[in-house]
A.B. asks: 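Below is a structure I'd like to ask you about.
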Amino acid sequence: MTIEKEKRRLEQILKESRKVLVAYSGGVDSTFLLKFAADCLGVENVGALIEKAEVYPDSEIEFAKKFAESAGIKTFVFSSKKLSDRKFAENPEDRCFYCKKDLFSNMVKIAKKNGFDVIADGSNADDISDYRPGNKAKSMYGVISPLQMAGLTKKNIRELSKKMKLPTWNKPQMACLASRIPYGEKITVDRLKRILLAEEYLRKLGFKIVRVRDYDSLCRIELNPSEIKRLIQLKEKVVKKLKKIGYLYITVDLEGYKTGSMNKLLTV
């Protein structure tokens, strides 16, 4: 199947959905889905639901709001307190289920109130092979994944986003900050803030793909393998800053960044 066939399939899926409310994070996939849906259905038939929570950087929320509003798409900002849900905060292996359940249950209410026929998220075809406990919540609330249904991969989406001149076409992958904490270790506001400060600092140093995995007093930094050498050259500066942020031990993963690396623990 060529990318043009996948594009046509996506257009067909969206047209059949009529009026769509998109779970919008400001990332590569959901930005493409939101804009493609608006071009396909008209902005009056598309909405962007942006969730504001402790596990998402404020900068990502602001980017999402600006993009959706600049595109003329009706935007809904929903505030949630993830850590008030004990089942989420305790960080079980199916943590994402509780997160998505909270999101989609509220999306259903907003969709009904504002006349949307379908709720959609930005999952792509690559996500099928990943560990996604949140999919159970999608089934519960009838959420569809148009990009996945059309067979579009992350690579396809970046290619199409570039053609559409979307600012996210080469944006690094982003995941909620809770994904930096090992399953079974409690998620706290302090840990989330520490992770955010460390990652923001490393990005300011010019590192594009950054993950700071939090093991309480120890952190494990994941970068693009090609950037590890540069990090080692800056080690004194980085160690000083990250210790000030709250880490006692600072380590570097020599394998580099891997999507969902914390899921490896599930097979141990």
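Only this structure's heavy atoms are used, side chains among them; waters, hydrogens and symmetry mates stay out.
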A.B. asks: Taking the inter-plane angle between the rings of F116 and F76 on a 0 to 90° scale, is it parallel (under 30°), tilted (30 to 60°) or perpendicular (over 60°)?
C.D. replies: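 Correct class here is perpendicular.
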
A.B. asks: So, does N106 use its side chain to make a donor-acceptor pair with the main chain of D102 at under 3.5 Å?
C.D. replies: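 Side chain of N106 to backbone of D102: a pair is present.
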
A.B. asks: If you measure from CG on D127 to CG on D29, what distance do you get to the nearest 0.5 Å?
C.D. replies: 6.5 Å

A.B. asks: With the threshold set at 4.0 Å, does a side-chain nitrogen-carboxylate oxygen contact exist between E199 and R180?
C.D. replies: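 R180 and E199: salt-bridged.
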
A.B. asks: Considering only heavy atoms from C-beta outward, does the side chain of R158 approach that of K154 to under 4.5 Å?
C.D. replies: yes

A.B. asks: Can a side-chain donor-acceptor contact be found between K138 and S145 if the only test is distance below 3.5 angstrom?
C.D. replies: yes

A.B. asks: Salt bridge check, K52 against D58: does any charged N sit closer than 4.0 Å to a carboxylate O?
C.D. replies: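 Here D58 pairs with K52 in a salt bridge, since their nearest N and O are under 4.0 Å apart.
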
A.B. asks: Do any N or O atoms from the side chain of D121 and from the backbone of A23 form a donor-acceptor pair under 3.5 angstrom?
C.D. replies: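 No, D121 side chain to A23 backbone: no donor-acceptor pair under 3.5 Å.
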
A.B. asks: Do any side-chain atoms of residues 227-234 form donor-acceptor pairs under 3.5 angstrom with protein atoms, and if so which ones, sequence neighbours left out?
C.D. replies:
unit_1: R230; atom_1: NH1; unit_2: L205; atom_2: O; d: 3.1
unit_1: R230; atom_1: NH2; unit_2: L205; atom_2: O; d: 2.3

A.B. asks: Under the side chain to side chain donor-acceptor pair (under 3.5 Å) rule, collect the residues that match up with S79, sequence neighbours excluded.
C.D. replies: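 Scan of S79 (side chain to side chain donor-acceptor pair (under 3.5 Å), adjacent residues dropped) gives none.
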
A.B. asks: Strictly distance-based, threshold 3.5 Å: is any side-chain N or O of S30 a donor or acceptor partner for the main-chain N or O of V22?
C.D. replies: no

A.B. asks: Taking Y257's backbone N and O only, do any of them form a donor-acceptor pair with E222's side chain (distance below 3.5 Å, no angle check)?
C.D. replies: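 Between the backbone of Y257 and the side chain of E222 there is no qualifying donor-acceptor contact (under 3.5 Å).
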
A.B. asks: For S179 and A175, indicate whether the former's side chain and the latter's backbone hold a donor-acceptor pair under 3.5 Å.
C.D. replies: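 It does not hold such a pair.
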
A.B. asks: Is the shortest distance from a Lys or Arg side-chain nitrogen in K65 or E62 to a carboxylate oxygen in the other one below 4.0 Å?
C.D. replies: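 Yes, charged N to carboxylate O under 4.0 Å.
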
A.B. asks: Answer yes or no for R194 and Y247: cation-pi contact, defined as NZ/CZ to six-membered ring centre under 6.0 Å and angle to ring axis within 45°.
C.D. replies: yes

A.B. asks: Run the salt-bridge test on E185 and R191 with the 4.0 Å N-O cut-off and return the result as yes or no.
C.D. replies: yes

A.B. asks: Pair L83, L192 - check side chain to side chain contact (heavy atoms under 4.5 Å, CB included), show working.
C.D. replies: CA-CA 11 Å; L83 299 187; L192 294 174; 4.2 Å; yes

A.B. asks: Which of parallel (below 30°), tilted (30 to 60°) and perpendicular (above 60°) describes F32 and F36?
C.D. replies: tilted

A.B. asks: Residues two or more places apart in sequence or in another chain: which of them pass side chain to side chain contact (heavy atoms under 4.5 Å, CB included) with K240?
C.D. replies: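 Testing K240 for side chain to side chain contact (heavy atoms under 4.5 Å, CB included), a comparison that skips the adjacent residues, returns none.
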
A.B. asks: Give a yes or no answer on whether the side chain of T153 reaches the backbone of N156 with a donor-acceptor pair at less than 3.5 Å.
C.D. replies: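 Present.
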
